[in-house]
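One structure below.
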Number of protein chains: 2
Amino acid sequence: MDQLLDILKKNQLSVTEGRKKILGLFLNSPGALAHADIEKNTDASFDRVTVYRTLQTFVDKGIIHNIPTTDNSILYALCKDNCEAGHHHDNHVHFICDVCDKTICMDHVSVPEIKLPKGFKQRQADVVISGVCSDCK
Amino acid sequence: MDQLLDILKKNQLSVTEGRKKILGLFLNSPGALAHADIEKNTDASFDRVTVYRTLQTFVDKGIIHNIPTTDNSILYALCKDNCEAGHHHDNHVHFICDVCDKTICMDHVSVPEIKLPKGFKQRQADVVISGVCSDCK
DNA sequence: TGTTTTTTTGCAACATTATTGCATTTTTCT
DNA sequence: AGAAAAATGCAATAATGTTGCAAAAAAACA
Ligand SMILES: [Mn+2]
Ligand SMILES: [Mn+2]
Ligand SMILES: [Zn+2]
Ligand SMILES: [Zn+2]
């Protein structure tokens, strides 16, 4: 309950209904959320635009990170590492279940080192694995 | 020149202007292409719908594969491995340059084995690395 | 090669998703 | 409480993706 305010304050964000509600969703969700999930779970009590802007703000501040997907959706999940404004270092693997379609942050599975050819400089690496999750197995 | 027909025939696709032109783009492009890139490079001589459908067809046949992105775009690139209809096995890492924004298939950098927690079954793994490419270095 | 059959295309209409400016409301600061 | 700053909702607009169907093109056939 306090955690919400904590996170917002720590990031110098004004505390608003929308931000509390949306951040709450992330804190309670086991997996990643898409824009559509958020609209659904808030009874459309916020304007679409507000949701877009809130998500963008959270990403900018390093509160959530987004997860690459092959289809055209953007998924967001809480940053559990120490991400800062404009500088994420989420080093974990993401898992998308083919059955239940949930996306899970595998916080304990870290992205392995990958050797790149000469001249390439790595800044960030995203690993997305799809298959069947432990619930659907 | 013949390569085009070869690929189309091998996949039992009728040879049309659109398919030839679009496949040609992929064969000549160093990096991945988005829908928008294709429209741009064809002088809009094809309907948008045709481009969508052609890309979908190529993916279905295993001629091109798509690459996960964090923004809301879908990128496509030639399958250089032996992909079959409905069954891709592109095992390589993708690199997105922060500077020139090109996406490159690193055909010689393969995706490392990743150990998942119990109960999770891996089907596919995508690795997308961003940073600075060798041209922009 | 000419004719039939099959496939692809373009168009139009529609749906979904995302962005921007601006006035109003809410939150924060003093 | 009042002033200043920030966030929100609304409306308009843009961008992106989907579908049905008739016309056109390609493939198959004779
Ligand atoms: Mn994550
Ligand atoms: Mn590739
Ligand atoms: Zn599952
Ligand atoms: Zn580059």
| said: Counting only side-chain nitrogens and oxygens, does A:Asn72 get under 4.0 Å of the OP1 or OP2 atom of D:dT16? | reply: no
| field | Euclidean distance, atom CG of residue B:Leu5 to atom P of D:dA26 [Å, nearest integer] | value | 12 Å
| field | Euclidean distance, atom CD1 of residue B:Ile38 to atom P of D:dG17 [Å, nearest integer] | value | 11 Å
| B:Leu8: side-chain contact (heavy atoms from CB on, under 4.5 Å) partners, not counting sequence neighbours | B:Leu13, B:Val15, B:Arg19, B:Lys20, B:Leu23, B:Phe58
| field | Passing option when B:Tyr76 is tested against B:Asn66, B:Thr103, B:Asp37 for side chain to side chain contact (heavy atoms under 4.5 Å, CB included) | value | B:Asn66
| query | Quick one: is A:Ser14 getting a side-chain N or O under 4.0 Å of the D:dA7 phosphate, OP1 or OP2? | reply | yes
| request: Would you mind telling me which of D:dA7, D:dC10, D:dA26 lies closest to the side-chain atoms of B:Thr16? | output: D:dA26
| message | Base, sugar-phosphate or nothing for A:Ser45? Non-hydrogen atoms, less than 4.0 Å. | response | sugar-phosphate
| With no hydrogens and no angle check, is any side-chain donor or acceptor of A:Lys61 less than 3.5 Å from a backbone partner on A:Asn11? | yes
| To the nearest angstrom, how far is A:Lys61 atom NZ from D:dA7 atom C1'? | 14 Å
| said: Whole angstroms only, please: what is the CD-C1' distance between B:Glu39 and D:dA15? | reply: 11 Å
| message | Would the distance check show the side chain of A:His65 and the main-chain N or O of A:Ala77 forming a donor-acceptor pair, the cut-off being under 3.5 Å? | response | yes
| Nearest atoms (heavy-atom pairs only) where B:Leu4 meets B:Leu27 | CD2-CD1, 3.7 Å
| message | For chain A and DNA chain C, what are the first and last nucleotides along the strand, 5' to 3', with at least one atom under 4.0 angstrom from a heavy atom of the protein chain? | response | C:dT17 to C:dT28
| said: What's the separation between atom OG1 in A:Thr50 and atom CG in A:Leu55, rounded to the nearest 0.5 Å? | reply: 10.5 Å
| query | D:dA6 P sits how many Å from A:Arg19 CZ, rounded? | reply | 11 Å
| said: Using 0.5 Å steps for rounding, measure from the CG atom of A:Leu78 to the CD1 atom of A:Ile63. | reply: 9.0 Å
| remark: Walking DNA chain D from its 5' end, the first of B:Ile74 and B:Leu13 to be reached, judged by nearest nucleotide, is B:Ile74
| message | Quick one, A:Pro117 and B:His108 - any side-chain contact, counting heavy atoms below 4.5 Å? | response | no
| task | Check each residue of residues 48-57 of chain B for a non-hydrogen atom within less than 4.0 Å of any atom in DNA chain C, then write out the ones that pass by number, or none. | result | B:Val49, B:Thr50, B:Arg53
| field | Heavy-atom side-chain contact between B:Thr69 and B:Val128 under 4.5 Å | value | no
